[in-house]
Number of protein chains: 2
Amino acid sequence: MARTKSYDHFCAIARSLEIVGEKWTLLIVRDLLRGPQRFSDLRRFMGGITPKWLTNRLRELEAEGIVERDSVSGRREVWYRLTPKGRDLAPVLESLTIWGINHAMRPPEPGEALYPEVFLQGTTTYLNSRGLRLPSPSTWVFRFDAGSPVTIRFDGERWSATPGESEADLVGATTAADLLAFLMARVRDRAPLVAALHLEGSPEALAVFRTALVREPASSARLPRKSEPQSTR
Amino acid sequence: MARTKSYDHFCAIARSLEIVGEKWTLLIVRDLLRGPQRFSDLRRFMGGITPKWLTNRLRELEAEGIVERDSVSGRREVWYRLTPKGRDLAPVLESLTIWGINHAMRPPEPGEALYPEVFLQGTTTYLNSRGLRLPSPSTWVFRFDAGSPVTIRFDGERWSATPGESEADLVGATTAADLLAFLMARVRDRAPLVAALHLEGSPEALAVFRTALVREPASSARLPRKSEPQSTR
DNA sequence: CTGAATCCGACACGATACTG
DNA sequence: CAGTATCGTGTCGGATTCAG
């Protein structure tokens, strides 16, 4: 990209980083992996990016053939979407997600932007990396007090999170903070946190959810126990 | 890291990039993945990094628990090596390598740093991603007019490149540029480039090499043909 | 209200020289 | 060999403004 971002080094990693290694670039790709987005969607999800830099990054990504602009004729909105070259960055973002969850996560700080679309995308990536499976394909929808719903799907093989609502086996109604608290807790600490998700669905679907994600405390083990700070999903 | 590198965003990717997203950081990890290195080794492989920034990055990586310093007592040398947390970054570098080879590589430019250790590391990552296999485990050593030899190994499952020399089925003696020209050529254009590798080994080992990496031109197809610029390994 | 452009200050980084 | 020191430039954040 810019001259100072060049490494002058014959190496695929260096070349890749010259293209996608600048600030914000990979976060833009992360958001576009969920589907096309408008300028203001991107701006919102990105927390503090200034419009100037969002514009710059989008132009650079366009010039590199990673992003395409769609202006819907008649409307003033501009939609940005990934090209196949951009979609091929998914493994990079997945490996960064897995490393981050294993080595760099801490509970959200007060002022931090917290979007279910974003952290559920990370959650499903992590579930895939851990090989968690359900006995059968399942679809769960989470609705939030503020913000759009998200659909989590296990297709029998892999997990995915997509924005919006689909026909679901299970529907939860909660807040971003409560869902995150549930996900960041160790499986054996989750039982008291399930209630806040307000899950609704068939008894079978509820059982599938709890079996996979919650370890019920043995009733004889109700004594308070030293809890480690480290979370284990 | 620095305040301006913070994203204030609850997202594993953002967190990871705050730690390893600054310039040079991932290239340092790339080099340390081949094994412990001294300050000056790192400086050499990195092309143009200034000592000040190499020091900065190493200190930050140390503070993050990604790199450890080893001062051999009595000697002035300092060896840097990865911690397990640092080694866990390997998938990130592999996915960047694969994306870069598929979407961002071009022939080396005149002034560009060109190290066999580095591009053979990328080559084996790419071979693994393509699933190329040999009929049996094999070890190939390449010696260079300038620079240290590199051992390429296929263990029956995966490829790896390690610095130094081991007992080998096949030994090549060549230059970095000639080996790179061979690797970047399409399989069907490689036959005339093999000679420059000066391979020595049993006829069986040579046959394994050529079968896997070279497509011999049919003698009836010797007519010149339009060549595409795109390389296919 | 969306999708930008502009000016300014902070600091990340590069180039060069020098030290224990 | 393994760093420091100094100084210039480019990248980025913050605030404001502008056009459709």
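A note on names: the letters A, B, ... follow the listed sequences, proteins ahead of strands, and every chain is numbered from 1.
- Between B:Leu54 and B:Tyr80 there is no side-chain heavy-atom pair separated by less than 4.5 Å.
- Between the P atom of C:dA15 and the CG atom of B:Leu54 lies a distance of 15 Å, rounded to the nearest Å.
- Between the P atom of D:dT11 and the CD atom of A:Glu60 lies a distance of 9 Å, rounded to the nearest Å.
- Counting non-hydrogen atoms under 4.0 angstrom, A:Thr50 reaches a base of the nucleic acid.
- The nearest whole Å value for the distance from the CG atom in A:Leu27 to the C1' atom in D:dC12 is 15 Å.
- A donor-acceptor pair is defined here as one N or O able to donate and one able to accept, closer than 3.5 Å; such a pair exists between the side chain of B:Arg190 and the backbone of B:Leu213.
- Computed from coordinates, the B:Asn56 CG to D:dA2 P distance equals 17 Å when rounded to whole Å.
- Minimum interatomic distance between B:Asp178 and B:Leu197 (heavy atoms only, all atoms of both residues): O-CD2, 4.2 Å.
- Distances shorter than 4.0 Å separate none of the side-chain N or O atoms of A:Lys23 from OP1 or OP2 on C:dA12.
- Rounded to whole Å, atom C1' of D:dT9 lies 13 Å from atom CH2 of B:Trp53.
- Listed by chain and residue number, A:Phe45 satisfy the ring-ring contact (aromatic ring centres under 6.0 Å, His included) test with A:Tyr115 (two or more places apart in sequence, or in another chain).
- Annotation: proximity of residues 35-44 of chain A to DNA chain D (heavy atom, distance under 4.0 Å) is found for no residue.
- B:Arg143 places no side-chain N or O within 3.5 Å of a backbone atom of B:Ala173 that could act as its donor or acceptor partner.
- A:Arg57 has no side-chain polar atom (N or O) that falls below the 4.0 Å cut-off from OP1 or OP2 of D:dT11.
- In summary, A:Asp41 and A:Arg44 engage in a salt bridge, as defined by a charged side-chain N under 4.0 Å from a carboxylate O.
- C:dA15 atom P lies 11 Å from atom CD1 of B:Ile49, rounded to whole Å.
- B:Leu58 places its CG atom 16 Å from the P atom of D:dC1, with the value rounded to the nearest Å.
- With rounding to whole Å, A:Glu22 atom CD is found 14 Å from D:dG10 atom P.
- With respect to the salt-bridge test (charged N to carboxylate O, under 4.0 angstrom), the residues A:Asp31 and A:Arg34 qualify.
- A:Tyr80 has a side-chain polar atom (N or O) that falls below the 4.0 Å cut-off from OP1 or OP2 of C:dA4.
- OP1 or OP2 of C:dA4 lies within a sub-4.0 Å distance of a side-chain N or O belonging to A:Arg59.
- The side chain of B:Trp24 places an N or O atom within less than 4.0 Å of a non-bridging phosphate oxygen (OP1 or OP2) of C:dG14.
- The side chain of B:Lys52 places no N or O atom within less than 4.0 Å of a non-bridging phosphate oxygen (OP1 or OP2) of C:dT16.
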